[in-house]
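Comments concern the structure below.
Note that the coordinates shown come from a computational prediction; the quantities given were computed from them, not determined experimentally. Here, residue 1 is the first one in the sequence, and each next residue gets the next number. Both backbone and side-chain heavy atoms feed into the values below; hydrogens, waters and symmetry mates do not.
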Amino acid sequence: YQRRVRGIMMTVKPPNILVYCCKNNSAFETISSLLLSCVGQGRYTVYQLDESEPWQRHCALVVIASHPLDISHRVVGQIKQYRRDGGKLLSMGGYFSSLLPLECFGEPPGPCLDDLCSTPSQLGLGQGIEKSLLMIPAKSFSDKSILTKALLELGIDSKTDNFVQLQPLNVFSLNSTILEKYFNSLKQTCHVDDNGELLYSIGKCQSHSDVRILRGKCSQSEFFDDHKDKNFPEIFIHSKAVTSTQDLLWKNSILRQSVSSIAILADVQVAGKGRGKNQWISPLGSMCLSFYYTVQPSTLLTKKLPFVQYITALAAIKAISDTCTNIPQLKIKWPNDIYTSNGEKIGGVLVNCSSNGKVTELCIGIGVNVNNEEPTISLAKLSGMKVSVPKLASKICSSFIDEVDLFNELGYEQFIDRFCQNWLHQDTRVRISLGNINCDAIIKSIDSDGYLSVMNLATLKSVSVQPDGNSFDMMENLIAVKSS
């Protein structure tokens, strides 16, 4: 998953499998689960095809799961171009053969996989011929063996992973009083089983929704081996497998009550989150960390919340660099990604924020490729050594508090200077395409509101670009509305 850009080998995201199902979310969830069960987690990301946004660049396969009469002319046009460019197509239901003119997609289709007992040789797919258009009857689409067979014929690597069951949440605290208060609070909402253990329903996640909440001993977690700040986090939770640390912490207020700070670390996420609709691939060996933090109302940060993701990214860079001293210098890609100076993506930051005018709550997610082999480069590969994920998570938490204290004490101007010394973009020429703002520009800095400051080359005036809802495509040198 790499591409050379301006002499730098850029690490990019895993390829996408796009599903067109006319915005039927229920159908998409079912089909997405089937596809991921065939290709394995971490090798591809599965999204709904959004006809209003460009989608072809990283697309490995388009799955059509909609009645052809419901397919818009725009999508037909997009798929025609996708097919002309060599794109691969899988149809669910064989609709093309009976209801939609095949020529509109550029060529006759490959065979229809309508025999549940067929072997590859019986399918008539030929030997050594790469197929790019296949159809599966709707009744057979849910058959994993048939779907896997079709994906292999289309050149989509199949790697079956065992189903990941959600694992218990192990709760730790260096303060026994806070830990006791926390569990007493949980007992008000959670179910207590016959063994006295707490069971908490975290919502639908395939067929497994209840997880156990257990007390852990700090001596059993590497998180506390070198942890410096005994007040942050007040509660630390570790699990071998969760849906998403960010969703778990942000969407389940019961886990946040009675404390002002809490961190969750998972070995594996089955539904990791990125910015917008993006997925964050979280294979075993990566760091999946989220923490909840309450901003004090009298501090500078309360008035400068857009800076939170920058503070977090800078804190992560410091912690990683202190842990892995022999890796290339780390840099920040605006607004929230962590790269090496060689253009290899190592991690990213996600921030959720809520304020009622009195209390500002932050839920900050950090994903880092630490020891994982897929899908991209990792700290272990760069450093030649295995890295302790809990210890790194602990250092990031401590570094975050240090950075927040510096920001509140020294002000945003000094922070901006340090931030711009640690990003990839100083004086980079870009194209801005944001609705009413379309111009060539030079990236200059971050302004006092936390927005990206660029100079319009036509007017030589400063233009501010907010981070929320926008993204920076370094391959195209384009800043535009985030597409997914």
Give the minimum heavy-atom separation between [X] and [Y], together with the two atoms involved.
| X | Y | answer |
| --- | --- | --- |
| Cys353 | Leu305 | SG-CD1, 3.6 Å |
| Asn470 | Val465 | ND2-CG1, 3.8 Å |
| Ser354 | Trp250 | CB-CH2, 3.6 Å |
| Tyr82 | Cys59 | OH-SG, 3.6 Å |
| Ala441 | Ile432 | CB-CG1, 4.0 Å |
| Ile396 | Ala316 | CG1-CA, 4.2 Å |

Determine yes or no for a side-chain-to-main-chain donor-acceptor pair under 3.5 angstrom, with [X] supplying the side chain and [Y] the backbone.
| X | Y | answer |
| --- | --- | --- |
| Ser258 | Ser185 | no |
| Ser286 | Gly367 | no |
| Ser399 | Ala315 | yes |
| Asn408 | Leu301 | yes |
| Ser445 | Ser453 | no |
| Asn369 | Leu379 | no |
| Thr299 | Gln296 | yes |
| Ser244 | Asp247 | yes |
| Asn252 | Ile254 | no |
| Asp473 | Glu476 | yes |

Taking the ring centre of each residue, are [X] and [Y] less than 6.0 Å apart?
| X | Y | result |
| --- | --- | --- |
| Phe407 | Tyr412 | no |
| Phe415 | Tyr310 | no |
| Phe232 | Tyr293 | yes |

How many angstroms lie between [atom1] in [X] and [atom2] in [Y], if you round to the nearest 0.5 Å?
| X | Y | atom1 | atom2 | answer |
| --- | --- | --- | --- | --- |
| Met455 | Arg429 | CE | CZ | 10.0 Å |
| Gln414 | Asp417 | CD | CG | 7.0 Å |
| Ile320 | Thr340 | CD1 | OG1 | 11.0 Å |
| Leu169 | Leu255 | CG | CG | 6.5 Å |
| Asn231 | Ser261 | CG | OG | 8.0 Å |
| Leu174 | Leu179 | CG | CG | 10.0 Å |

Lys/Arg N to Asp/Glu carboxylate O, [X] vs [Y], below 4.0 Å:
| X | Y | answer |
| --- | --- | --- |
| Asp267 | Lys240 | no |
| Lys444 | Asp427 | yes |
| Arg215 | Glu180 | yes |

Is it the case that atom NZ in Lys333 sees more than 12 heavy atoms from other parts of the structure closer than 6.0 Å?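 For Lys333, atom NZ is crowded (more than 12 foreign heavy atoms under 6.0 Å).
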Count the heavy atoms belonging to other residues, nucleotides or ligands that lie under 6.0 Å from NZ of Lys304, then report whether that count exceeds 12.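 Counting neighbours around NZ of Lys304, more than 12 heavy atoms of other residues, nucleotides or ligands fall under 6.0 Å, so yes.
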Any chance the side chains of [X] and [Y] put a donor and an acceptor closer than 3.5 Å?
| X | Y | answer |
| --- | --- | --- |
| Thr245 | Gln269 | yes |
| Asn352 | Gln246 | yes |
| Asp447 | Ser464 | yes |
| Ser378 | Asn372 | no |
| Ser239 | Gln167 | no |

With side chain to side chain contact (heavy atoms under 4.5 Å, CB included) as the test, would you mind laying out the steps for Ile156 and Leu35 before giving the verdict? CA-CA 11 Å; Ile156 304 298; Leu35 289 167; over 6 Å; no
Can you tell me which residue among Phe472, Trp334, Tyr339, Phe419 is in a ring-ring contact (aromatic ring centres under 6.0 Å, His included) with His425?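 Exactly one candidate clears the test, Phe472.
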Going by the ring-ring contact (aromatic ring centres under 6.0 Å, His included) test, name the single residue among Phe223, Tyr292, Phe291 that passes it with Phe236.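 Answer to the ring-ring contact (aromatic ring centres under 6.0 Å, His included) test with Phe236 among Phe223, Tyr292, Phe291: Phe223.
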Are the side chains of [X] and [Y] in touch, meaning some heavy atoms are under 4.5 Å apart?
| X | Y | answer |
| --- | --- | --- |
| Cys420 | Gln426 | yes |
| Ile364 | Val308 | yes |
| Cys439 | Leu457 | no |
| Thr312 | Glu403 | no |
| Asn438 | Arg431 | yes |
| Lys187 | Leu198 | yes |
| Ser260 | Glu234 | yes |
| Ser398 | His227 | yes |

Full working for side chain to side chain contact (heavy atoms under 4.5 Å, CB included) between Ile346 and Ile327: CA-CA 11 Å; Ile346 286 294; Ile327 63 173; over 6 Å; no
Given side chain to side chain contact (heavy atoms under 4.5 Å, CB included), test Val359 with Thr294 step by step and report yes or no. CA-CA 7 Å; Val359 177; Thr294 304; 3.6 Å; yes
For the pair Glu413 and Ile416, evaluate side chain to side chain contact (heavy atoms under 4.5 Å, CB included) and give the outcome as yes or no after the intermediate values. CA-CA 5 Å; Glu413 295 94 343; Ile416 290 173; 5.8 Å; no
